[in-house]
There are 2 protein chains.
Amino acid sequence: MTLSNMDFPTPSKDADCRVVREILDRIADKWSLYIFVALRDGPVRFNELRRQIDGISQRMLTITLRQLERDGLISRTLFPTIPPRVDYELTAVGRTLLAPVMALVIWADSNRDVIEEARQRYDAS
Amino acid sequence: MTLSNMDFPTPSKDADCRVVREILDRIADKWSLYIFVALRDGPVRFNELRRQIDGISQRMLTITLRQLERDGLISRTLFPTIPPRVDYELTAVGRTLLAPVMALVIWADSNRDVIEEARQRYDAS
DNA sequence: AGTGTTGGTCACAAATTGATACCACCCTAT
DNA sequence: ATAGGGTGGTATCAATTTGTGACCAACACT
């Protein structure tokens, strides 16, 4: 009970907490992070995203992009050419999320050796 | 091709890239983030974690804690009392990850209204 | 005429996660 | 004495999520 009211910053209401959870679950899902990284330098088309994000299926790319669009973090622009062209781009709000996301990516990159060693130690014992 | 070599910071080798992906996948999975937040003020026992992290199953808590322990981000201390007591705590490395993680949490908290509105706009159209 | 590109959707299979039961051990209240 | 609860798990099976491959229309290139 001592910490249950302090789990998250200013959880004045349960509803707020639930929304924060929903947002974090979206950011921290399997693919959103990589979409953010791929979009950090400007608009990218659908199939270019698919090529950049290794292992993502067309299905999950579509679904994840739709969810991020719904949250107002990325925008979708359809150019009705033949063949069609669809650009995805970070919105102003989305760009403010880029700093924390890149901080995570940079942390992961800086600590890969440390973590690799920890894994080998754990697996050896 | 222009960006494929710059997807992540200093991706000097494919192997490095793969490790960074593995680390990010661990951090950004469904529960790790919340375990980090719960452990930010010091050691917490297993069942206290379970109570703090709403919705997590005992199974996923065990599995996620093991993975984080394997990566050297948290430590597990067993006190052989009756009933047994197991403390989980962030390691020194784990604590360095706390800053980027909390930046994400704070971002999510600060932007919940903006995102809620974006969702309503999207769902209405 | 065949092959490839675009950005999707759909149905089904595979992988991941959740729910429930169970375990040994003790403490407390009845 | 016995029923119920807490400790930190594991095992099994169901439910949910994700991946796989096929298919689409409209064109360009060969």
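Atoms considered below: every heavy atom in the structure, side chains included; atoms not considered: hydrogens, waters and symmetry mates. Every chain is numbered from 1 and lettered A, B, ... according to where its sequence line falls, protein lines coming before strand lines. Fair warning: this is a prediction, and the values are worked out from it, not measured in the lab.
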Margin query: Counting the atoms with a prime plus P, OP1 and OP2 as sugar-phosphate, which does A:Tyr88 contact under 4.0 Å by heavy atoms, base, sugar-phosphate, or nothing?
Written below: sugar-phosphate
Note to self: Between C1' on D:dT17 and CH2 on B:Trp31, what's the gap in Å once rounded to a whole number?
What the structure shows: 14 Å
Next item on the list: Indicate, with yes or no, if B:Leu39 and B:Phe79 share a hydrophobic cluster defined by side-chain heavy-atom contacts under 4.5 Å among Ile, Leu, Val, Met, Phe, Trp and Tyr.
Entry: no
Margin query: Between P on D:dT7 and CZ on B:Arg45, what's the gap in Å once rounded to a whole number?
Written below: 6 Å
Next item on the list: Starting at atom CE of A:Met60, determine the distance to atom P of D:dT17, rounded to an integer number of angstrom.
Entry: 10 Å
Note to self: In whole Å, I'd like the distance from the CG atom of B:Asp25 to the P atom of C:dA15.
What the structure shows: 17 Å
Margin query: Is it the case that over 12 heavy atoms from other parts of the model lie below 6.0 angstrom from the CG atom of A:Asp54?
Written below: no
Notebook entry, point to check: Looking at A:Phe46, does the NZ or CZ of A:Arg76 lie under 6.0 angstrom from its six-membered ring centre and within 45 degrees of the ring axis?
Noted result: no
Notebook entry, point to check: Under 3.5 Å, is there a donor-acceptor pair between the side chain of B:Tyr34 and the main chain of A:Arg21?
Noted result: yes
Next item on the list: Mind calculating the distance between CG (B:Leu78) and C1' (C:dC25) to the nearest angstrom?
Entry: 14 Å
Margin query: Of the listed nucleotides (D:dG19, D:dG9, C:dT6), which one gets closest to any side-chain atom of A:Pro83?
Written below: C:dT6
Next item on the list: Send over the distance from B:Arg85 CZ to C:dC27 P, rounded to a whole Å.
Entry: 17 Å
Next item on the list: Find the distance B:Gln58:CD to D:dT7:P and express it as a whole number of Å.
Entry: 10 Å
Next item on the list: Using heavy atoms to find the nearest nucleotide of DNA chain C for A:Lys30 and A:Asp87 separately, return the residue whose nucleotide is more 5′.
Entry: A:Asp87
Check: So which one's nearest nucleotide on DNA chain D is more toward 5', A:Ile82 or A:Asp29?
Finding: A:Asp29
Next item on the list: Examine D:dG8: is either OP1 or OP2 under 4.0 Å from a nitrogen or oxygen in the side chain of B:Arg51? Give yes or no.
Entry: no
Item checked: Nucleotide of D:dG8, C:dG7, C:dG8 approaching B:Asn47 most closely (side-chain heavy atoms) -> D:dG8
Item checked: Between C1' of C:dA19 and CG of B:Leu61, the distance in whole Å -> 15 Å
Notebook entry, point to check: DNA chain D: B:Arg59 or A:Ile63, which has the more 5' nearest nucleotide?
Noted result: B:Arg59
Note to self: Mind checking if B:Arg50 touches a base, just sugar-phosphate, or nothing, with heavy atoms under 4.0 Å?
What the structure shows: nothing
Note to self: B:Ile74 vs B:Glu89, test: side chain to side chain contact (heavy atoms under 4.5 Å, CB included). Steps then yes/no.
What the structure shows: CA-CA 5 Å; B:Ile74 64 173; B:Glu89 190 175 8; over 6 Å; no
Checklist line | Nucleotide nearest B:Pro84 when distance is taken to its side chain, options D:dT10, D:dG8, C:dG7 | finding: D:dG8
